[in-house]
Amino acid sequence: MTEGTTSAAAEGADTLTRLEQEGEIAADYLEGLLDIADLDGDIDMDVEADRAAVSIISDTGSRDLQKLVGRDGEVLEALQELTRLAVHRETGDRSRLMLDIAGYRAKKRTELSELGAKAAADAKNGGEPVKLKPMTPFERKVVHDAVKAAGLRSESEGEEPQRFVVVLPN
């Protein structure tokens, strides 16, 4: 190995260690939250796409965790921000941690990927830009990725919370 690949490998290992530490801090914070709320749930940690990913799942299929998702994922978004703040407080670094509860984000990601692919097909076939409804940053990112995978470009327009994706034809 050359010196460049050695330092790159060490940097990758450092990043992985840092993201795993973020996951541990987040898991501890969320376990405390579950205890306070008297909710049952198991915490799963992973590293996906250069960010820590933490999921709260239930073996019992209980609907209790839906309380932590809220309407349209609003409570989930708030809990994710609180968890990121808890990680920031411990590490001093800004976190891009992703939180999923009861598979809500995983299901949403699938739906949004399909929406992005359909919008790309509509833009390609119609030759006109396709504007989608306002979305959260997470939702827009998934749609942008799906549009890119379909070979087209997209951009976000508008101001939060009314920011939306526009799929552009070639």
Side-chain angles (χ1 to χ4, degrees), residues 15 18-20 22-23 25-27 29-30 33-34 37 39 41-58 61-88 91 93-170:
T15 299
R18 181 182 52 79
L19 293 174
E20 288 171 344
E22 281 187 22
I25 294 166
Y29 176 78
L30 292 166
L33 180 82
L34 289 173
L39 295 172
D42 295 323
I43 307 224
D44 183 37
M45 296 176 300
D46 202 358
V47 173
E48 299 172 359
D50 292 331
R51 63 172 59 187
V54 179
S55 300
I56 302 175
I57 53 177
S58 175
S62 167
R63 304 240 346 127
D64 282 346
L65 290 181
Q66 291 304 315
K67 295 173 189 173
L68 297 179
V69 173
R71 191 188 70 192
D72 296 327
E74 289 174 340
V75 176
L76 170 58
E77 290 288 334
L79 287 174
Q80 177 175 277
E81 286 307 310
L82 289 172
T83 305
R84 286 177 174 177
L85 287 171
V87 170
H88 181 264
T91 65
D93 295 326
R94 183 178 172 274
S95 174
R96 295 177 53 234
L97 174 130
M98 287 296 290
L99 175 63
D100 191 8
I101 299 174
Y104 176 83
R105 275 201 204 274
K107 181 181 173 201
K108 192 77 169 170
R109 182 176 279 120
T110 300
E111 292 169 359
L112 290 165
S113 292
E114 291 170 2
L115 174 66
K118 181 185 180 319
D122 291 349
K124 196 179 286 186
N125 294 335
E128 295 289 325
V130 174
K131 293 181 180 182
L132 301 176
K133 66 178 180 51
M135 298 177 188
T136 66
F138 161 76
E139 293 169 334
R140 290 193 309 270
K141 170 76 168 105
V142 174
V143 171
H144 286 305
D145 290 347
V147 169
K148 184 177 180 182
L152 292 181
R153 279 187 336 104
S154 59
E155 52 191 41
S156 293
E157 293 183 5
E159 298 292 324
E160 294 293 351
Q162 296 300 312
R163 202 152 166 79
F164 59 95
V165 174
V166 178
V167 180
L168 306 168
N170 281 339

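All figures in this text were calculated on a predicted structure; none of them were measured in a lab.
Applying the side-chain contact (heavy atoms from CB on, under 4.5 Å) criterion to Val75, with sequence neighbours excluded, gives Leu79. In this view, Asp44 and Ser55 satisfy the side-chain contact (heavy atoms from CB on, under 4.5 Å) rule, not counting sequence neighbours. In this structure, Asp72 has no salt bridge (charged side-chain N to carboxylate O under 4.0 Å, His left out) partners at least two apart in sequence or on a different chain. Partners of Glu20 under the salt bridge (charged side-chain N to carboxylate O under 4.0 Å, His left out) rule, at least two apart in sequence or in another chain, do not exist in this structure. Applying the salt bridge (charged side-chain N to carboxylate O under 4.0 Å, His left out) criterion to Lys148, with sequence neighbours excluded, gives no partner residue. With sequence neighbours excluded, the residues that form a salt bridge (charged side-chain N to carboxylate O under 4.0 Å, His left out) with Lys141 are Asp145. The side chain to side chain donor-acceptor pair (under 3.5 Å) search around Glu157 returns none, not counting sequence neighbours. Every residue was checked against the side chain to side chain donor-acceptor pair (under 3.5 Å) condition with Arg96, not counting sequence neighbours, and none meets it. When the side-chain contact (heavy atoms from CB on, under 4.5 Å) test is applied to Tyr29, the partners found at least two apart in sequence or on another chain are Leu82, Thr83, Ala86. Legend: residues meeting side chain to side chain donor-acceptor pair (under 3.5 Å) with Arg105, ordered by chain and number and at least two apart, are Glu77, Gln80. With sequence neighbours excluded, the residues forming a side chain to side chain donor-acceptor pair (under 3.5 Å) with Glu74 are Arg71, listed by chain and number.
Closest approach of Ala146 to Ser113, counting heavy atoms only: CB-O, 3.5 Å. Taking both residues in full, the closest heavy atoms of Ala150 and Lys124 are given as O-NZ, 3.3 Å, listed atom of the first, atom of the second, then distance. The minimum heavy-atom distance between Gln66 and Ala102, with the atom names listed, is NE2-CB, 3.6 Å. Leu19 approaches Asp50 most closely through the heavy-atom pair CD1-C, 3.7 Å. Between Gly116 and Val143, the closest heavy-atom pair is CA-CG1, 4.0 Å. Considering every non-hydrogen atom in both Leu65 and Ile57, the closest pair reads CD1-C, 3.7 Å.
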Open item on the list: Is there a side chain to side chain contact (heavy atoms under 4.5 Å, CB included) between Leu152 and Val167? Walk through the geometry before answering.
Closed with: CA-CA 7 Å; Leu152 292 181; Val167 180; 4.2 Å; yes
Open item on the list: Could you walk me through whether Glu114 and Arg109 satisfy the side chain to side chain contact (heavy atoms under 4.5 Å, CB included) test, starting with their C-alpha distance in whole Å, then the side-chain angles of each, then the deciding distance to 0.1 Å, before giving a yes or no?
Closed with: CA-CA 9 Å; Glu114 291 170 2; Arg109 182 176 279 120; over 6 Å; no
TODO: Kindly indicate, with the supporting measurements, whether the criterion side chain to side chain contact (heavy atoms under 4.5 Å, CB included) is fulfilled by Arg94 and Leu85.
DONE: CA-CA 8 Å; Arg94 183 178 172 274; Leu85 287 171; over 6 Å; no
Task: Residue pair Glu22, Arg18: steps toward the salt bridge (charged side-chain N to carboxylate O under 4.0 Å, His left out) verdict - done: CA-CA 6 Å; Glu22 281 187 22; Arg18 181 182 52 79; 3.1 Å; yes
- [ ] Evaluate the criterion side chain to side chain contact (heavy atoms under 4.5 Å, CB included) for residue pair Lys108 and Glu139; output intermediate values, then yes/no.
- [x] CA-CA 8 Å; Lys108 192 77 169 170; Glu139 293 169 334; 3.0 Å; yes
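Taken to the nearest 0.5 Å, the CG atom of Asp46 stands 12.0 Å off from the CG atom of Asp100. Here the CG atom belonging to Leu39 is positioned 9.0 Å from the CD1 atom belonging to Ile56, to the nearest 0.5 angstrom. Taken to the nearest 0.5 Å, the CG atom of Leu97 stands 9.5 Å off from the CD atom of Glu81.
Test Leu99, Ile25, Leu68 against Leu30 for side chain to side chain contact (heavy atoms under 4.5 Å, CB included) and you get one pass: Leu99.
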Using atom types as modelled, flag every donor-acceptor pair under 3.5 Å from a side chain in residues 158-166 to any protein atom, sequence neighbours excluded.
{"from": "Glu160", "atom 1": "OE2", "to": "Arg140", "atom 2": "NH1", "distance (Å)": "3.1"}
{"from": "Glu160", "atom 1": "OE2", "to": "Arg140", "atom 2": "NH2", "distance (Å)": "2.7"}
{"from": "Arg163", "atom 1": "NH1", "to": "Gly158", "atom 2": "O", "distance (Å)": "2.7"}

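Side-chain contact check for Ser95 and His88: no donor-acceptor pair (N or O, by modelled atom type) lies under 3.5 Å.
Sparse packing is recorded around CZ of Arg153, with 12 or fewer heavy atoms of other residues, nucleotides or ligands lying under 6.0 Å away.
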